[in-house]
**Student:** 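Following this message is one structure expressed as structure tokens.
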Number of protein chains: 2
Amino acid sequence: MSLAHVILGLLQQQERTGYDLKTECFNQCIAHLWQADQAQIYRTLDKLEAQGWIVCTVEIQHDRPNRKVFQITESGKAEFIRWLQTHQPLPILRDPLLAQLHFAAQLPNEAIVHLLEQELEARREKLAECEAVDVPSLDDPIASRDQKMHRLVLELVTQREQTYLNWLQKAIEIIQIQPSDT
Amino acid sequence: MSLAHVILGLLQQQERTGYDLKTECFNQCIAHLWQADQAQIYRTLDKLEAQGWIVCTVEIQHDRPNRKVFQITESGKAEFIRWLQTHQPLPILRDPLLAQLHFAAQLPNEAIVHLLEQELEARREKLAECEAVDVPSLDDPIASRDQKMHRLVLELVTQREQTYLNWLQKAIEIIQIQPSDT
DNA sequence: TGCTACTATAGGACTAATCATATATAGGAC
DNA sequence: GTCCTATATATGATTAGTCCTATAGTAGCA
């Protein structure tokens, strides 16, 4: 499971709690590449601990709930490096809009265009989020090796949205010039 | 769940068995837009029948197992049309390669390039599959309304792979000119 | 003769992910 | 005073999807 390895990667950078992982990582820079639910993060931490890939220290707090701080172990690091170099199967993408469009011939043109325009709106928002992320450009000489990797990831995510938007615009134009089926 | 509605759409075209759905639809033209496991198809048919959206007639065969032929009902058709016009939430994409690349700075350039090249190979195969699908072009005057929709779907899937390939090639070039971190 | 593949349905076990809720204290808003 | 948010962990229930196996007759291959 990749989530487990993403968490190992984050704990390799520094020790963190489940709460830290959620609020500082999965809700921030990791959000556009691996969304994860709070409940799933905690359960994955349990599994990683059971595997011996991370260990836990409890920080007692009195005004707030105690913190369970997780640290990666040597075997955890080894497992992470192994995963990092292992080619993973392509993810399976199931896009409901494409499923709808496959059967859309029975709808009037305006209904199809309406559907595509709602998608366009949602995708525009997502592209805006991608473009709002602040990572130095690839030609920037100040960019660290880490930042360059993050930039590459961001560029694919952005280009993917751009491709979707271009296609949506073209699709809308094409549907609009189709003879109406009434 | 979209799988249920894809099945409704297919049963609206003609009555079919679970086996037909798997071998003639989900393994063929639907494959590039909604992969589905045989077990899940049968279980979804059960749910659709319980909902009253499809009905079943058993065709008794003596040399082979009996066939359970499913037909869409009026309420099933209504539900399908409702779904067809309802905007669906954007699917969440979790791409293990992007997760790996996010943490790849600690790997030597050659290891990163190796990972990207394996992905390149897999994505090339997928693009080839997309291009092997035979649907008439959008300007083809003979193309039916249905075929035009299928063409639009195919074009997005193909362009998506093309975008991924272009990015992979660019990424490989960029990694190769990075100073090695030894 | 045994092996595999095709036709056809179905269930058990499991993984990955989501949603809702519970606990407990502190602090700010209205 | 009440409500909401933040901090922090945890569990129950459910959904979506995968993998494996069972059943049972036919047919082709070597």
Side-chain angles (χ1 to χ4, degrees), chain A residues 1-7 11 15-28 30-31 33-51 54 56-70 83 88-96 99, chain B residues 1-8 15-28 30-31 33-51 54 56-70 83 88-96 99:
Chain A
M1 197 191 25
S2 292
L3 176 62
H5 292 93
V6 171
I7 291 176
L11 293 182
E15 49 173 49
R16 297 178 207 262
T17 66
Y19 188 78
D20 293 341
L21 285 166
K22 180 60 180 161
T23 54
E24 292 165 23
C25 308
F26 289 97
N27 284 352
Q28 309 288 329
I30 304 293
L33 76 103
W34 207 280
Q35 272 184 242
D37 184 76
Q38 172 260 120
Q40 205 193 355
I41 292 170
Y42 280 101
R43 281 196 255 250
T44 304
L45 285 169
D46 289 344
K47 282 181 205 166
L48 287 171
E49 199 186 6
Q51 275 281 329
I54 59 175
C56 168
T57 323
V58 179
E59 267 180 28
I60 288 146
Q61 302 191 117
H62 298 287
D63 51 338
R64 290 176 183 178
N66 294 340
R67 288 162 55 84
K68 290 178 70 177
V69 182
F70 291 96
W83 170 80
Q88 302 297 314
L90 301 194
I92 292 165
L93 181 50
R94 293 183 178 89
D95 186 337
Chain B
M1 197 191 28
S2 292
L3 176 62
H5 292 93
V6 171
I7 290 176
L8 283 180
E15 49 174 46
R16 297 178 207 261
T17 66
Y19 188 79
D20 294 341
L21 284 167
K22 180 60 180 159
T23 55
E24 293 166 22
C25 307
F26 288 98
N27 284 352
Q28 310 288 329
I30 304 293
L33 77 102
W34 206 278
Q35 272 183 243
D37 183 77
Q38 172 260 119
Q40 205 192 354
I41 292 170
Y42 281 101
R43 281 183 183 120
T44 305
L45 284 169
D46 289 344
K47 281 182 206 164
L48 287 171
E49 199 186 6
Q51 276 279 331
I54 60 175
C56 168
T57 323
V58 179
E59 268 181 27
I60 287 146
Q61 301 192 117
H62 299 288
D63 50 340
R64 289 177 186 178
N66 294 341
R67 288 162 55 83
K68 289 178 69 177
V69 182
F70 291 95
W83 169 80
Q88 303 296 315
L90 300 196
I92 291 165
L93 182 51
R94 292 183 180 88
D95 186 338

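Because the structure is predicted, anything quoted here is derived from the model rather than measured. The figures that follow rest on heavy atoms only: side chains count, while hydrogens, waters and symmetry mates do not. Chain letters run A, B, ... following the sequence lines, proteins first and then strands; every chain starts at 1.
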**Student:** Rounded to whole angstroms, how far apart are CG on A:Asn27 and C1' on D:dT7?
**Tutor:** 14 Å

**Student:** Which atom names give the shortest non-hydrogen contact between A:Ile41 and A:Gly18, and what distance separates them?
**Tutor:** CG2-O, 4.1 Å

**Student:** Roughly how far apart are A:Thr17 OG1 and A:Leu45 CG, rounded to 0.5 Å?
**Tutor:** 8.5 Å

**Student:** Considering non-hydrogen atoms only, spot the tightest contact between B:Pro96 and A:Pro89 and give its length.
**Tutor:** CG-O, 4.2 Å

**Student:** Looking at A:Ala99 and B:Val6, what are the two nearest heavy atoms and their distance?
**Tutor:** CB-CG2, 3.8 Å

**Student:** Do B:Trp83 and B:Gln88 have side chains that approach each other closer than 4.5 Å (heavy atoms only, starting at C-beta)?
**Tutor:** yes

**Student:** Taking only heavy atoms on the protein side, list every residue of residues 16-26 of chain B lying under 4.0 Å from any atom of DNA chain C, sorted numerically.
**Tutor:** B:Thr17, B:Gly18, B:Tyr19

**Student:** Rounded to the Å, how far apart are B:His62 NE2 and D:dA27 P?
**Tutor:** 15 Å

**Student:** Give a yes or no answer on whether the side chain of A:Tyr19 reaches the backbone of A:Lys68 with a donor-acceptor pair at less than 3.5 Å.
**Tutor:** no

**Student:** Could you tell me how far apart A:Leu48 (CG) and C:dT15 (C1') are, to the nearest whole angstrom?
**Tutor:** 15 Å

**Student:** Look at B:Arg94 and C:dT18 and indicate whether a side-chain polar atom (N or O) is within less than 4.0 Å of OP1 or OP2.
**Tutor:** yes

**Student:** Is there a donor-acceptor pair closer than 3.5 Å between any side-chain N or O of B:Arg94 and the backbone N or O of A:Gln35?
**Tutor:** yes

**Student:** When you check the phosphate oxygens OP1 and OP2 of C:dT25, does a side-chain N or O of A:Arg64 lie under 4.0 Å from one of them?
**Tutor:** no

**Student:** Of the candidate nucleotides C:dA26, D:dT9, D:dA24, which contains the atom at the shortest distance from the side chain of B:Pro65?
**Tutor:** D:dA24

**Student:** Using a 3.5 Å distance criterion without hydrogens, assess whether the side chain of B:Lys22 forms a donor-acceptor pair with backbone atoms of B:Ala36.
**Tutor:** yes

**Student:** When you measure from every atom of DNA chain D, which of residues 34-47 of chain A have a heavy atom less than 4.0 Å away?
**Tutor:** A:Gln38, A:Ala39, A:Tyr42, A:Arg43

**Student:** How many whole angstroms separate atom CD of B:Glu59 from atom C1' of C:dA8?
**Tutor:** 12 Å

**Student:** Taking CD1 from B:Ile60 and P from C:dT9, how many angstroms apart are they, rounded to a whole number?
**Tutor:** 13 Å

**Student:** D:dT23 P sits how many Å from B:Asn66 CG, rounded?
**Tutor:** 18 Å

**Student:** Heavy atoms, side chains only, cut-off 4.5 Å: are B:Ile54 and B:Thr44 in contact?
**Tutor:** no

**Student:** With side-chain contact (heavy atoms from CB on, under 4.5 Å) as the test, pick out the partner of A:Phe26 among A:Leu33, A:Asp37, A:Ile7.
**Tutor:** A:Ile7

**Student:** Taking NZ from A:Lys68 and P from D:dT11, how many angstroms apart are they, rounded to a whole number?
**Tutor:** 8 Å

**Student:** For Watson-Crick and G-U wobble pairs within 3.5 Å on both distances, what is DNA chain C written in dot-bracket notation, | included for inter-strand pairing?
**Tutor:** ||||||||||||||||||||||||||||||

**Student:** Send over the distance from A:Gln51 CD to C:dT15 P, rounded to a whole Å.
**Tutor:** 12 Å

**Student:** Starting from the C-alpha separation in whole Å, work towards a yes-or-no answer on side-chain contact (heavy atoms from CB on, under 4.5 Å) for A:Arg67 and A:Asp20.
**Tutor:** CA-CA 10 Å; A:Arg67 288 162 55 84; A:Asp20 293 341; 3.2 Å; yes

